[in-house]
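A quick write-up on the structure given underneath.
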Amino acid sequence: MINSFPFNKATTIKIISYNVQFRGMVPLPPPPNIASDSNALKKWEEAQKKPIDIKNIHKQKNLIGIDESKTLNLPEIHQLYNTIFNTCGKFMGGSVMGNKCFFPRNAVLFYDEDDKVFDIFEICFECDGLRSSTESSIFINDQCNKFYPELEKFFQSKGLQTQYTQK
């Protein structure tokens with residue numbers, strides 16, 4: 001863990017959930033009674049919440065739009081590291097192929113000594129996808145049957161939602 005970027009540079013690591021109230025990026029259509037009235041339609045569109053893009057909000061100090069957040073302590077960081085890098089081992093197991101929607105609802109945020117986010121692992125548990133915001137991150141073998149279920153269990157064990165929830 002000491003030599004593995006981004007863990008080796010992080011002074012704080014947070015896990016978050018966001019966009020859990022959205023099915024995806026495509027907004028729902030307006031109700032039929034509003035669609036024909038342009039003023040009502042404009043007011044309805046302005047009132048609609050929109051999904052967030054983590055790249056647009058991570059520079060903010062208060063992370064507006066995040067549904068849930070947990071700052072990890074050292075044992076939890078070690079558990080996360082083991083889940084990410086040691087679940088699948090060095091060689092690929094049975095390959096998992098999802099629908100590749102990649103609408104992430106969870107992320108791992110890595111903060112530097114200035115309390116600024118320098119790397120993000122965005123995670124979509126619906127299509128089993130993971131993306132890092134930097135090219136410096138080391139390769140993660142996420143292609144075995146256990147990787148995403150174990151990572152999702154980790155997030156859930158810390159009290160974070162990982163799937164769409166209709167409210």
Side-chain angles (χ1 to χ4, degrees), residues 1-22 24-25 50-165:
M1 191 164 81
I2 292 171
N3 297 324
S4 300
F5 183 87
F7 286 86
N8 62 346
K9 187 180 173 192
T11 57
T12 302
I13 298 175
K14 291 183 183 181
I15 57 173
I16 62 169
S17 65
Y18 59 101
N19 290 337
V20 294
Q21 70 275 20
F22 296 100
M25 289 302 285
K50 295 177 178 48
I52 61 168
D53 182 348
I54 195 73
K55 289 179 230 69
N56 294 335
I57 65 160
H58 82 274
K59 294 173 183 147
Q60 301 171 6
K61 196 74 162 167
N62 57 2
L63 298 177
I64 295 169
I66 300 300
D67 296 313
E68 301 162 321
S69 172
K70 172 147 180 37
T71 301
L72 301 180
N73 60 34
L74 193 55
E76 291 168 330
I77 292 170
H78 192 265
Q79 184 183 6
L80 174 64
Y81 177 87
N82 278 333
T83 302
I84 290 175
F85 294 107
N86 296 327
T87 297
C88 294
K90 294 180 183 176
F91 304 102
M92 289 190 214
S95 191
V96 176
M97 218 33 156
N99 62 9
K100 300 300 174 199
C101 63
F102 202 72
F103 184 67
R105 300 175 195 285
N106 298 95
V108 181
L109 306 178
F110 296 90
Y111 290 81
D112 63 17
E113 64 277 351
D114 296 322
D115 204 29
K116 293 186 179 168
V117 175
F118 68 90
D119 199 3
I120 302 170
F121 287 173
E122 293 180 275
I123 306 156
C124 179
F125 290 113
E126 292 171 18
C127 70
D128 294 341
L130 185 141
R131 177 173 57 201
S132 173
S133 63
T134 66
E135 293 190 18
S136 301
S137 289
I138 62 173
F139 173 74
I140 298 171
N141 182 7
D142 64 345
Q143 296 301 306
C144 71
N145 294 328
K146 296 187 289 184
F147 180 78
Y148 287 99
E150 289 298 316
L151 189 56
E152 186 171 22
K153 271 195 261 181
F154 175 79
F155 272 78
Q156 291 171 342
S157 74
K158 305 306 172 209
L160 276 71
Q161 292 178 274
T162 58
Q163 301 284 335
Y164 165 73
T165 53

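Just so we're clear, the structure is a prediction, and the values are computed from it rather than from any experiment.
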Review point. Just how far is it from atom CD1 of Ile15 to atom CG of Leu160, taken to the nearest 0.5 Å?
Key: 5.0 Å
**Study point:** Member of Thr12, Thr71, Ile13 meeting the side chain to side chain contact (heavy atoms under 4.5 Å, CB included) criterion with Ile77
**Key:** Ile13
**Study point:** Nearest heavy-atom neighbours spanning Cys124 and Cys101
**Key:** SG-SG, 3.6 Å
Revision key, fill the gap. OH of Tyr148 to OG1 of Thr87, rounded to nearest 0.5 Å, is 11.5 Å
Practice item. Measure the spacing between OG of Ser157 and CD of Glu76 and express it to the nearest 0.5 Å. Key: 8.0 Å
Review point. Can you find a pair of side-chain heavy atoms, one from Leu151 and one from Asn106, that are under 4.5 Å apart?
Key: no
Review point. Where is the tightest heavy-atom contact between Tyr18 and Ala107, given as atom of each residue plus distance?
Key: CE2-CB, 4.0 Å
Check your understanding: What about the rings of Phe5 and Phe110, do their centers lie closer together than 6.0 Å?
Key -> no
Practice item. Output all residues satisfying side-chain hydrogen bond (donor to acceptor under 3.5 Å, both in side chains) with Asn82, sequence neighbours left out; order by chain, then residue number. Key: His78, Asn86
Revision key, fill the gap. Hits for ring pair (Phe, Tyr, Trp, His ring centres under 6.0 Å) against Phe154, two or more places apart or cross-chain, chain-then-number order -> none
Review point. Step by step, would you call Phe155 with Val108 a side-chain contact (heavy atoms from CB on, under 4.5 Å)?
Key: CA-CA 10 Å; Phe155 272 78; Val108 181; 3.9 Å; yes
Revision key, fill the gap. Across all chains, not counting sequence neighbours, the side-chain hydrogen bond (donor to acceptor under 3.5 Å, both in side chains) partners of Thr162 are Glu152, Gln156
Check your understanding: So, do Phe147 and Asp128 sit near enough that their side-chain heavy atoms are less than 4.5 Å apart?
Key -> no
Exercise for review: Supply the atom-to-atom distance Leu72 CG to Gln79 CD, rounded to the nearest 0.5 angstrom.
Suggested key: 9.0 Å
Check your understanding: Can you tell me how far the OG atom of Ser4 sits from the OH atom of Tyr81, to the nearest 0.5 Å?
Key -> 3.0 Å
Review point. Which atom names give the shortest non-hydrogen contact between Ser17 and Glu68, and what distance separates them?
Key: OG-OE1, 2.6 Å
Review point. Between Arg105 and Asp67, does a side-chain contact (heavy atoms from CB on, under 4.5 Å) hold up when you go through it step by step?
Key: CA-CA 9 Å; Arg105 300 175 195 285; Asp67 296 313; over 6 Å; no
Point to revise | Note, Phe103 side chain near Tyr164 side chain (heavy atom, < 4.5 Å) | key: no
Revision key, fill the gap. In terms of heavy-atom contacts, Phe102 and Leu130 come closest through CE1-N, 3.8 Å
Check your understanding: Counting distance only, does the side-chain N/O of Asp112 pair as donor-acceptor with the main-chain N or O of Asp114 below 3.5 Å?
Key -> yes
Study note, to complete from the structure: Value for CD1 (Ile123) from CD1 (Ile16), rounded to nearest 0.5 Å, stands at 9.5 Å
Point to revise | Candidate pair Tyr111 and Lys14, rule side-chain contact (heavy atoms from CB on, under 4.5 Å), full reasoning | key: CA-CA 8 Å; Tyr111 290 81; Lys14 291 183 183 181; 3.6 Å; yes
Check your understanding: Looking only at side chains, do Ser132 and Asp119 share a donor and an acceptor under 3.5 Å apart?
Key -> yes
